[in-house]
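When a ligand or atom number is given, it counts from 1 through the structure's own listing order.
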Amino acid sequence: MSELRPSTCRICSAYCPVLVTLDHGKVMRVEGNRNAPLYDGYTCPKGRALPAFHNNPDRLLHSMKRQPDGSYQPIPTDLAIAEIAERLKDIVARHGPRSVAGFLGNPGVEQVATAPVMMSLLRAIGSPMFFSMATLDQPNTKIAEALHGAWDGGRMRPETLDVMLIAGGNPVISKQYFGQNPGMRLKELVRRGTKLIVIDPRRSETARRAAVHLQPIPGEDAVIAAGLVHLVIAMGGVDTQFAEHNTTGLATLTRAAAPFTPEYVAARAGVPEADLRAAAAIIANAKRGNFGTGTGVSMTGRGTLTTYLYNCLQTLRGFWAQEDDEMLCSPVLLPPANPRAQPRSPFPAIGFGEKMRVRGLEQSVAGMPAAALVDEILTPGEGQIRALFMHAGAMRTMPGEARTHQAFRSLDLLVTHDVEMSPTAQTADYVLASKIAFEIPVLSFLVELNSLFHQGYGFSDPFGSAQPALVEPPAGADVIDAWRVYYRIARRLGLQLECGSMFASELSPIDMINEPSTEDIHAFIAAGSAIPLEHLAQYPDGHVFDEARVQIAPRDPACTDRLDLANADMIAEMADLAVENASEHRGTNAEFPLLLVPKRMQNATNGSFRAEAERLKVQTNPAFLHPSDLAAFRLVPGALTQLRSRYGSIEVVVEADCDLRPGVVAIAHGFGRHPGEATDTRRHGSNVNRLTALDDDFDRYSGIPRMGAIPVSLTRV
Ligand SMILES: Nc1nc2c(c(=O)[nH]1)N[C@H]1C(S)=C(S)[C@@H](COP(=O)(O)OP(=O)(O)OC[C@H]3O[C@@H](n4cnc5c(=O)[nH]c(N)nc54)[C@H](O)[C@@H]3O)O[C@H]1N2
Ligand SMILES: Nc1nc2c(c(=O)[nH]1)N[C@H]1C(S)=C(S)[C@@H](COP(=O)(O)OP(=O)(O)OC[C@H]3O[C@@H](n4cnc5c(=O)[nH]c(N)nc54)[C@H](O)[C@@H]3O)O[C@H]1N2
Ligand code: SF4
Ligand SMILES: [Mo]
């Protein structure tokens with residue numbers, strides 16, 4: 001019996017609504033759901049390939065335990081959990097609570113119940129060591145907000161903008177900034193007259209729609225941002241009335257930006273001065289605008305300063321939502337909001353939380369520094385991490401693959417969840433076979449939650465959906481929701497877990513006798529939501545709740561908060577930037593003449609979805625170069641080549657890309673096999689994180705190292 005059921009693709013945070021064709025409980029077909037609002041039926045090829053993901057012959061259907069000889073044998077999941085609980089008890093008794101850590105990455109997008117329950121177990125044990133990929137992604141967005149302050153009313157809605165600037169982001173492919181049908185949203189934006197400014201060393205799918213595309217040398221974004229601040233001030237673009245009422249530090253910022261003249265910036269960043277001036281003129285003449293940064297900025301060093309400067313530029317122009325504007329991302333499953341057209345003063349970015357024992361790092365507003373995890377494992381002494389719960393594909397996605405591998409294998413206990421024997425699974429003591437996709441109920445909560453950390457997420461209109469699981473795991477499978485592992489461990493250790501909305505002052509106890517459902521955990525996280533969760537059930541395709549639209553309220557006459565245009569650390573960094581030796585900081589030379597940059601590919605999401613690589617034509621992650629560079633290295637497209645950085649080397653397939661700036665190598669991360677496995681580069685791709693290091697030129701707040709603008713070289717094989 002065939003039936004059509006609405007659900008949501010969760011391979012990435014776009015959360016596209018889909019219609020799933022089921023036949024006798026088997027996923028047969030996935031297509032965009034045109035009945036759902038906002039998305040106009042959009043899906044990408046990955047979403048449409050979900051049936052194959054479900055029916056992947058390599059899928060892990062049983063949990064695995066590592067044997068003394070390094071091989072893996074199936075183990076009943078509940079037995080694995082019992083053994084893990086015993087070992088954990090012993091580790092806590094011997095090394096204390098801080099020796100237990102949890103790490104959550106992108107698989108938490110699919111399994112949103114993991115985060116609260118994993119965190120709850122760590123809290124019950126008394127460990128502060130909860131890490132997430134957020135600090136190896138774009139921690140600069142939250143940190144810049146802490147340093148500058150935030151606008152209570154938020155940003156201006158995209159459909160009202162005269163100018164939108166995106167530096168180091170490619171929404172058409174990544175869906176970041178336009179989560180709902182990005183191609184179409186961007187087209188509408190430009191058709192309505194918004195001038196798009198894109199800063200990207202590649203003429204990306206997004207840059208093609210730009211009024212001005214700056215194609216700079218990678219890693220010079222802070223210089224460009226400072227140059228735009230300088231020019232906009234010089235052009236008389238400061239909204240002086242807004243600045244007077246809402247800011248401090250204008251004179252200091254003006255002085256700090258003075259060295260970044262258009263001549264200097266153009267020469268240093270390798271962009272035409274006329275284009276830089278054209279971009280500044282668009283900004284200075286616009287009435288409404290928004291500026292954002294992506295991973296091209298956060299990975300290439302100085303992400304915090306760059307995003308800080310774009311926030312300052314936004315403030316100089318008064319580009320924040322005004323009284324009576326409709327709030328961008330009015331809450332649906334988040335608690336009700338009452339935003340006002342007024343500033344919120346800066347708040348501490350660091351200095352309040354757990355201190356790391358390495359590189360002077362500590363917890364920040366962006367979370368615990370994930371870049372410190374590996375060295376917290378490897379550094380002996382009080383507080384050393386001995387047990388790790390991993391819910392990510394870290395062996396492919398963490399900078400510095402070799403050191404990460406060394407750390408993972410040195411643990412007393414490494415537990416990971418997985419859907420296949422990925423490189424990360426192959427380092428673990430226990431691999432817990434996980435449910436996937438339509439076996440898991442879905443709640444649109446995560447998309448809204450992300451909007452609190454990064455302006456590129458959230459629903460442009462108050463959309464919400466909650467859908468049940470559609471299918472059972474295959475007959476005979478012994479797979480589990482990740483959160484249940486933490487719940488069952490706690491139960492075995494006699495610990496009481498607590499859960500609730502992250503906005504609530506108090507959490508509520510979880511029933512430790514009758515195991516809750518995943519929907520029960522969802523209800524905990526959405527407690528106190530603007531639209532009660534029960535209302536969502538009436539709309540199987542999802543719904544825009546017009547009653548949830550929030551208008552920005554007037555400024556409170558008593559408000560004395562101010563946005564800071566002259567954070568001391570940021571101003572000091574600008575001074576360093578202005579006098580440093582640019583080429584020395586960049587690190588290119590005769591041995592490493594090229595700069596490697598990150599990019600995302602449409603048909604792969606980080607390290608996931610390798611099972612369908614063949615069908616999606618992303619078996620390998622090619623290293624793209626400008627044809628002139630290929631010629632200079634006497635390489636032809638498709639050739640196998642050694643790509644080398646100061647930290648390591650990988651074999652890659654080179655391809656030509658006329659849209660790239662010469663001197664740049666663009667390659668996607670998330671590929672490659674376990675270091676011990678035989679590899680065919682054309683079939684498995686290569687792990688870019690053999691070329692990166694956890695302590696390379698790292699951000700002092702979040703610890704994120706350089707994962708872009710990395711000096712590299714090519715050698716023919
Ligand atoms: N060099 C370099 N490194 C990067 C980046 C970069 O640009 N360059 N980007 C960084 C960024 S922004 C991010 S967000 C991270 C992403 O890195 P991760 O957070 O690791 O995310 P994924 O690679 O998407 O994780 C998917 C993998 O997790 C495993 N997995 C474990 N549990 C589950 C589960 O329950 N379900 C499913 N479906 N899979 C599971 C699967 O094997 C799958 O391969 O990478 C970071 N690393
Ligand atoms: N299809 C697909 N979608 C994804 C993902 C995926 O792997 N595949 N990953 C998801 C994740 S985890 C994240 S964090 C988001 C990220 O979302 P985005 O940040 O939008 O990621 P990208 O699409 O890689 O865009 C980064 C752009 O930065 C450019 N760039 C590189 N170096 C520099 C530089 O030095 N300066 C400037 N100005 N630009 C530079 C690159 O050329 C690229 O076009 O995407 C998410 N969506
Ligand atoms: S992977 Fe594709 S279909 Fe799935 S949510 Fe992301 S953009 Fe949508
Ligand atoms: Mo990410």
Side-chain angles (χ1 to χ4, degrees), residues 10-14 44-46 53 60 103-111 114 132-134 136-138 166-177 198-207 214-221 224 269 292-301 306 370 390-399 416-425 431-437 440 454 456 479 481-482 595-611 624 659-661 664 666-670 687-689 691-692 704 707-710:
R10 289 149 269 172
I11 295 169
C12 83
S13 307
C44 83
K46 291 167 295 185
F53 192 51
L60 198 58
F103 186 100
L104 185 63
N106 262 19
V109 173
E110 182 171 274
Q111 299 211 38
T114 315
S132 91
M133 264 301 171
L136 286 170
D137 186 331
Q138 294 155 87
I166 299 178
N170 186 16
V172 175
I173 297 301
S174 71
K175 288 88 194 168
Q176 185 172 281
Y177 286 101
V198 174
I199 305 176
D200 195 313
R202 188 166 76 90
R203 186 163 175 271
S204 65
E205 292 76 357
T206 305
L214 299 177
Q215 203 168 355
I217 298 170
E220 297 294 355
D221 287 277
I224 296 170
T293 54
T295 51
V297 163
S298 66
M299 309 254 152
T300 34
T306 306
M390 169 59 64
H391 198 187
M395 277 293 295
R396 286 191 180 119
T397 54
M398 188 81 99
T416 188
H417 308 269
D418 218 321
V419 295
E420 53 193 339
M421 282 307 283
S422 70
T424 308
V431 187
L432 295 159
S434 301
K435 287 191 179 178
I436 59 171
I440 304 165
H454 192 298
V479 297
D481 305 278
L595 284 172
L596 177 144
V597 299
K599 75 170 263 172
R600 274 151 179 77
M601 298 197 288
Q602 173 73 311
N603 288 5
T605 298
N606 306 315
S608 66
F609 231 74
R610 283 300 93 80
F624 292 94
D659 290 324
L660 261 181
R661 182 188 170 98
V664 176
I667 184 167
H669 73 290
N687 188 343
V688 174
N689 283 316
L691 307 178
T692 58
I704 188 174
M707 288 188 270
I710 298 171

*Tell me, please: is Arg600 in heavy-atom contact with ligand 1, that is, under 4.0 Å?*
yes

*Are Arg202 and Asp659 within salt-bridge range, i.e. N to O under 4.0 Å?*
no

Contact check: [X] vs ligand 2, nitrogen or oxygen atoms, below 3.5 angstrom:
| X | answer |
| --- | --- |
| Asn603 | no |
| Arg202 | no |
| Lys46 | yes |
| Ala604 | yes |

Determine, considering heavy atoms only, which of [options] sits nearest to [atom].
| atom | options | result |
| --- | --- | --- |
| atom 13 (C) of ligand 1 | Met133, His417, Gln138 | Met133 |
| atom 24 (O) of ligand 1 | Asn606, Thr114, Ile436 | Asn606 |
| atom 21 (O) of ligand 1 | Thr692, Asn106, Leu596, Ile667 | Asn106 |
| atom 4 (C) of ligand 2 | Ala167, Ser174, Ala134, Pro201 | Ser174 |
| atom 44 (O) of ligand 1 | Gly393, Gly607, Ala392 | Gly607 |
| atom 42 (O) of ligand 2 | Val109, Ile173, Asp200, Ile199 | Asp200 |
| atom 26 (C) of ligand 2 | Cys44, Gly168, Cys12, Gly294 | Gly168 |

_Polar contacts were defined as any N/O atom of the residue lying under 3.5 Å from an N/O atom of the ligand; does this apply to Thr295 and ligand 1?_
no

*asked:* I want to know if ligand 1 touches His391 in the polar sense, i.e. an N/O pair below 3.5 angstrom.
replied: yes

Under 4.0 Å from any heavy atom of [X], which atoms of ligand 2 are there?
| X | answer |
| --- | --- |
| Lys599 | 24 (O) |
| Gln176 | 15 (C), 16 (C), 17 (O), 19 (O) |
| Gln602 | 1 (N) |
| Asp137 | 14 (S) |

*Side chain or backbone of Ser422 under 4.0 Å from ligand 1, or both, or neither, by non-hydrogen atoms?*
side chain

*Counting each atom of ligand 1 from 1 as listed, which ones have a heavy atom of Ser434 under 4.0 Å away?*
35 (O)

